[in-house]
Amino acid sequence: MAVVFMITPRHPETTPGNADASSLDALLVPHDPDAAALSVFDAGAARGDGVFETIGVNAGRARKPESHIARLAASARIMDLPAPDVSVWRHAIDRVVSLLDPERSGVIRLVITRGTPGAGPTCWITGEEVSPEVRERESGVRVVLLDRGWPIDIADRAPWMLAGAKTLSYAPNMAALREARRRGADDVVFTSLEGFALEGPTSSLIIRTGMLLSTPASGDGNLPGTTQREIFDWARQNGFETSSRRVPADEVRSANAAWLVSSVRLVVPITAIDGRGMDVDAELTDRMNEHLLALG
Ligand code: PLP
């Protein structure tokens, strides 16, 4: 089952800031998931010029909607798009969750494109039901390290590359995943030109060295991961130290354990890097996934 709402911009005179649920509801226009929704001239369709968020739904609850709306706003800021209307998006997420089967898991997407010339941004939200079983949480993934072709200071050196924004331009990330499959692997850890580990095409990287969990810093061109942040909050309350820093690729290879983490798959252990097996910390993987699923 899938649901789609196109979101109409709100006018302060007709829908004030403290609008009630029914006036916010009026801004959500139900759309047939199989019907065309966009102009071929929409900048999102024609150029990938827009931003998005993917939110996991477990046990009838969206996970961390506020963090995702905040990141949508941060991505919009980096892209010079107007600030998203937080209460409209918050209401839209609740509405979509209420339409999904609480017995199943779900994926919600928020999308803002630069729209068609003169008309302002195009906004929509989708919700889909998915199986609650995610095989990779148990089986793990084999990764390859792939050069992203970026220096570690990409965000300062070339802000127009939009590093750290969740833009619709994911074609290079998808190409990297195809390259991983060609090399007999399942997923990717990007590296910087200097050989620092960065992130996956759709996930953040976490490594464990003793009781220290480390992740490549978001200021270094990586998307600030909402799942990684939740895990670090939990880890600090459970006897671990945490660090966001530059992580040389060699440290990933020699770590006690490593994971790719993201909003829908959650915590997925890395079982091999460039064909060389890696130790898996199955117990810690399970504890982290249980914590995230319990948050709903
Ligand atoms: N990095 C990239 C490039 C991503 O696309 C994603 C998620 O889609 C992440 C990291 C992980 O972010 P989150 O944990 O908020 O899903």
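Just so you know, residue 1 is the first one in the sequence shown, and it goes up from there. Atoms within a ligand are numbered from 1 in the order they appear, just like the ligands themselves.
Taking any N or O of Lys166, backbone or side chain, at least one lies under 3.5 Å from an N or O belonging to ligand 1. Taking any N or O of Asn173, backbone or side chain, none lies under 3.5 Å from an N or O belonging to ligand 1. Considering backbone and side-chain N/O of Thr226, one or more are found under 3.5 Å from N/O of ligand 1. By the 3.5 Å distance cut-off applied to N or O atoms, Thr54 is not counted among the residues near ligand 1. Of the polar atoms of Gln228, none of the N or O atoms is found under 3.5 Å from an N or O of ligand 1, judged by distance alone. Among the atoms of His68, none of the N or O lies under 3.5 angstrom from an N or O of ligand 1.
Taken to the nearest 0.5 Å, the CZ atom of Arg253 stands 10.5 Å off from the CE atom of Met278. The distance from the NE2 atom of His91 to the CG atom of Asp25 is 3.5 Å, given to the nearest 0.5 Å. A distance of 8.0 Å separates CG in Leu168 from CG in Asp49, rounded to the nearest 0.5 Å. To the nearest 0.5 angstrom, Leu284 atom CG is 6.5 Å from Arg208 atom CZ.
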Scan the side chains in residues 188-199 for donor-acceptor partners under 3.5 Å anywhere in the protein, sequence neighbours excluded, and list what turns up.
| unit_1 | atom_1 | unit_2 | atom_2 | d |
| --- | --- | --- | --- | --- |
| Ser192 | OG | Glu194 | N | 3.2 |
| Ser192 | OG | Glu194 | OE1 | 2.8 |
| Ser192 | OG | Gly195 | N | 3.4 |
| Ser192 | OG | Phe196 | N | 3.1 |
| Glu194 | OE1 | Ile152 | N | 3.1 |
| Glu194 | OE2 | Ile152 | N | 3.1 |
| Glu199 | OE1 | Leu223 | N | 3.0 |
| Glu199 | OE2 | Arg148 | NH1 | 2.8 |
| Glu199 | OE2 | Arg148 | NH2 | 3.1 |

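By the 6.0 Å contact criterion, CZ on Arg47 is open, its count of non-hydrogen atoms from other residues, nucleotides or ligands being 12 or less. Other residues, nucleotides and ligands place no more than 12 heavy atoms under 6.0 Å from the CZ atom of Arg276. Residue Asp279 places its CG atom among 12 or fewer non-hydrogen atoms of other residues, nucleotides or ligands, all under 6.0 Å distant.
Nearest heavy-atom pair across Pro132 and Arg137 is O-NH1, 3.9 Å.
Set against the non-hydrogen atoms of Ser263, the atoms of ligand 1 under 4.0 Å away are 13 (P), 14 (O), 15 (O), 16 (O). The distance from ligand 1 to the heavy atoms of Tyr170 drops below 4.0 Å at these ligand atoms: 2 (C), 3 (C), 4 (C), 5 (O).
Residue Asp186 forms a salt bridge (Lys or Arg N to Asp or Glu O under 4.0 Å) with just one option from Arg135, Arg142, Arg181, and that option is Arg142.
Note on ligand 1: Pro201 sits in its first shell, one or more heavy atoms being nearer than 4.0 Å. Using 4.0 Å as the threshold, Arg71 has a heavy atom nearer than that to some atom of ligand 1. The closest approach between a heavy atom of Gly56 and any atom of ligand 1 is not below 4.0 Å.
The protein heavy atom nearest to atom 14 (O) of ligand 1 is Thr227 OG1, 2.5 Å. Shortest contact from atom 11 (C) of ligand 1 to any protein heavy atom: Ser204 OG, 3.6 Å. Nearest to atom 1 (N) of ligand 1 among the protein's heavy atoms is Glu199 OE1, 2.9 Å.
Contact annotation for Ser67 and ligand 1: no heavy atom of the residue comes within less than 4.0 Å of the ligand.
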